[in-house]
Structures are given as C-alpha cells and as structure tokens.
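Following: one structure in structure tokens, then a few remarks.
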Amino acid sequence: MRLKLKKTLLLCAILTFLLSLTGCGEKEELYFEVNKSLMQSYTKDIIEQYYDTTKEEQEYYMSDENEDTLSKTAVSGFKAAETTDHVGHFLSYKTDEDSVTFSNGANGKVLCSQICKYEHRDVKVTVAYKENKKFALDKQKTYDQIVEVSANYGMDVSSFIMQAFGNDPTYDLSSVDKFLDSYMAADMKEYPFTPVEVEVSPVYSKGELVGQAGKNTAIGMGVVFAVLIFISFIISLLKFLPLLFDADIKKAKAEAKKAAEEAKKKTQDLIIADSKIDDNSGFGEEETVMLKDPGFDEDLMNDSELVAVITAAIYAASSGSGLRAPAYTASNDKLVVRSIRRARK
C-alpha cells in the first residue's frame, strides 16, 4: 500500500515539474527586430485612418479599382464589425497589459494586435507587417546628414539632437538609434516595417463562443437530418416511377396475357374436338375419316399459332385444370397407347 502511494506521489511531482517548465518557456522570437512602441504607434495611425470612413470612401476602398490591400482589408473589416457584429462606435484604445500583443504571422510577417474599446464590445485590430529592407539604407543616409549638420555647429551628434529636438515629444530621445526611427516616421513617413493587411475581429467571451458553437452545431445537425428525411421521402417515391414512365411495358404485358388466354382457349377447344372425333360422336363418317386419315394434309394453323397452342396445353396440364384428357391416351375399349412412332412408308 505504501509503495503504491509513493509511486502516485512521484508521478504527481513529475507532472508538476513538467508543467512548471512549460510555463517558464521563453517567448517566441519575432521574424525581424521590431521597435514595439513605434509599431504600436503605427498601428494606431492605421486604425484612426480607416475606422471611421464615409460611404463614398467605403465604396472606393472596397471596389476593384483600389489595388491597395491594406486599405481594402481595413475598411471592409471595420464595416463588417459595425454592420454585422453591431459593436457600436469607437471609443478609445485599451491600455491594460494585454491590450497590445506582438506575434509572428505567415510568410515572415510580424503581427501587432491592438484591443480597441467600442460602444458594445471590444474589437481586436491586427495589422500584419513585413520588413522594409530599404529602411536601413535611408536611415544611414539620414544619420550621415545629421552628423554633417552637427559638425557645422561644432557639436557631437547626441548634443545636437538634444538641443534641436529635445522639446518635441514626437521624437524618442532615449538613444540615437531610436531617435532616427522616430524622426524618419514623423518627418519622412518611413518605417522599418511596411503594413500589408488588416484584420478586424470583435472580442467575444468564452461563454458567448460556447453558446455560438452550440447554436452552429444544432443548426448543422438539423440541416443534415432534414436532408436525410427528404432523401428518404424521395427514395420511397421511386416505386411509383414504373406507373408513370412504363406505360408501354404495362400495355405489352396486358397484350401478352390476352394472347396467352386466347391460345389456352384454342387448345381447350382442340382437345375437346379431338376427344369427340375419337368417340365418333358429333361428326359424320366422311369427316371422321378425313380427320383420322394420315394423308389429310390440310394446314389448320401456322407455326406461330402451333407454338402458342402447345405452350398453352403444357400450361393447362401443369396447372391441373379440369379438362378431359385426350381420347387417344385411353380408348373406350381399354386400349392404352404406351408409345407413338412414326410409320415408315
């Protein structure tokens, strides 16, 4: 018992250790180096540019004439959030710890997501950026120009920047590198990254997501069962198709049945007639001789009628009808015919 308890405690300790290692994992490294404050500022500029557009602007941005993917996806996303999800009007940006996140996207892109406060619910705006490789070259040229100007004033670069731009909050003066990034963004509208597309998605709580998932599941299953019931109903109607499309077959069967009945009747009449001939009743001597004469060669019926007569006779014999057997099987003088052979001439 104690050994089993020790094994259980050891297993729990191992699982706890593994979970702690998972929680202490390092954050995902971005595809390229990012000035996060600058990227967040750029994202806000894009939001403010496209979240509130006129009807005419929306028609242009969402038309085929506009080939700019950034503006097209931004305007269509904000419009869908207002008309479909009914988020209301834009209020402000959220400022808590998780309001801005950075992550890697597809094809080497970096995603910056900003949570915005709207009238009825929060909205998550994600802008995908790709690296601007030309920025490094332009940044070096700008730095060389500042060095040249500061040398004309007999100052080093840091002192010249602090004296020339120290009172403007637009620029980041924490280092020369960050100053160059902010200077090029504010004055030259150039960034180390280029926005390519925007995704706008309302933020739903877990309860709302579960409820929506259940509703979608119920609708999907209902549609499936409705289709199955409809298919079963269609299959049940297939048995009536011959009545609608096989009228010719039905007519042919009726004609065949009528022909069989007529042939059966003819056979019955011939059998009765043959019986009367053998009994010599109802026929004259001349008629009897003609019918019994082997040389009597009159063609009473054609081959097709003969086949029909024989078929009907076999059918009548097998069905056990109450017809009288042919007279030539057993005559009145108790003569029984065992076999019939063709006479040689």
Side-chain angles (χ1 to χ4, degrees), residues 24-52 68-71 73-74 90 92-117 123-200:
C24 297
E26 296 181 358
K27 293 184 179 180
E28 183 181 15
E29 184 178 356
L30 300 179
Y31 286 138
F32 53 86
E33 187 177 356
V34 170
N35 185 335
K36 294 185 177 180
S37 61
L38 183 63
M39 181 174 282
Q40 181 183 5
S41 176
Y42 196 5
T43 301
K44 289 182 178 180
D45 292 340
I46 294 173
I47 294 173
E48 292 173 359
Q49 183 178 357
Y50 295 112
Y51 85 88
D52 187 18
D68 181 18
T69 306
L70 177 69
S71 59
T73 55
F90 176 84
S92 63
Y93 300 105
K94 295 196 72 173
T95 58
D96 53 7
E97 184 179 356
D98 298 329
S99 61
V100 181
T101 57
F102 300 89
S103 60
N104 289 326
N107 301 322
K109 299 173 186 175
V110 174
L111 308 179
C112 178
S113 300
Q114 172 70 56
I115 304 297
C116 303
K117 293 180 65 176
V123 174
K124 182 179 181 181
V125 182
T126 302
V127 181
Y129 294 91
K130 67 179 182 179
E131 187 177 8
N132 182 11
K133 296 182 179 180
K134 184 177 177 293
F135 179 81
L137 180 61
D138 295 339
K139 182 177 179 180
Q140 183 62 41
K141 292 180 180 179
T142 303
Y143 176 75
D144 294 339
Q145 292 175 358
I146 294 176
V147 169
E148 184 178 353
V149 173
S150 61
N152 293 334
Y153 285 97
M155 303 172 62
D156 58 26
V157 176
S158 300
S159 301
F160 174 77
I161 290 174
M162 290 298 297
Q163 185 173 353
F165 304 98
N167 297 325
D168 193 340
T170 306
Y171 307 104
D172 187 352
L173 303 178
S174 58
S175 65
V176 175
D177 186 68
K178 290 185 178 180
F179 166 77
L180 290 173
D181 290 342
S182 60
Y183 173 81
M184 294 182 68
D187 292 12
M188 304 175 62
K189 303 301 179 183
E190 186 174 359
Y191 295 84
F193 31 76
T194 304
V196 291
E197 58 185 355
V198 179
E199 180 182 354
V200 182

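Just so it is clear, the structure is predicted and the values come from calculations on it, not from any experiment. Because only heavy atoms are used, hydrogens play no part in the values below, and waters and symmetry mates are left out as well, while side chains stay in.
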Which residues share a salt bridge (Lys or Arg N to Asp or Glu O under 4.0 Å) with [X], sequence neighbours left out:
X      : value
Lys94  : Asp96, Asp122
Asp177 : Lys139
Glu197 : Lys109

Between Tyr129 and Tyr42, is the ring centre distance below 6.0 Å?
-> yes
Do [X] and [Y] have side chains that approach each other closer than 4.5 Å (heavy atoms only, starting at C-beta)?
X      : Y      : answer
Glu131 : Tyr31  : no
Glu199 : Leu111 : no
Thr170 : Ser182 : no
Asn104 : Val110 : yes
Phe193 : Leu38  : yes
Lys133 : Phe32  : no
Phe135 : Thr194 : no
Val125 : Val198 : yes

Heavy-atom closest pair, residues Tyr191 and Asn132 | O-ND2, 2.9 Å
Phe90 atom CZ, neighbour heavy-atom count above 12 within 6.0 Å = yes
Please output the side-chain donor-acceptor pairs of residues 146-153 that fall under 3.5 Å, not counting sequence neighbours, one pair per line with the distance.
unit_1, atom_1, unit_2, atom_2, d
Ser150, OG, Ile146, O, 3.0
Ser150, OG, Val147, O, 2.8
Asn152, ND2, Glu148, O, 3.3

Worked check of side-chain contact (heavy atoms from CB on, under 4.5 Å) between Tyr183 and Ile161 | CA-CA 11 Å; Tyr183 173 81; Ile161 290 174; over 6 Å; no
Will you find, in the side chains of Gln49 and Asp45, an N or O donor that is under 3.5 Å from an N or O acceptor?
-> no
Taking only residues two or more places apart in sequence, or in another chain, which ones meet Lys178 in a side chain to side chain contact (heavy atoms under 4.5 Å, CB included)?
-> Asn35, Asp172, Ser174, Ser175
Which residues satisfy the side chain to side chain contact (heavy atoms under 4.5 Å, CB included) test with Ser158, sequence neighbours excluded?
-> Asp156, Val176
Parallel, tilted or perpendicular: which fits the ring planes of Phe165 and Tyr171, with parallel below 30° and perpendicular above 60°?
-> perpendicular
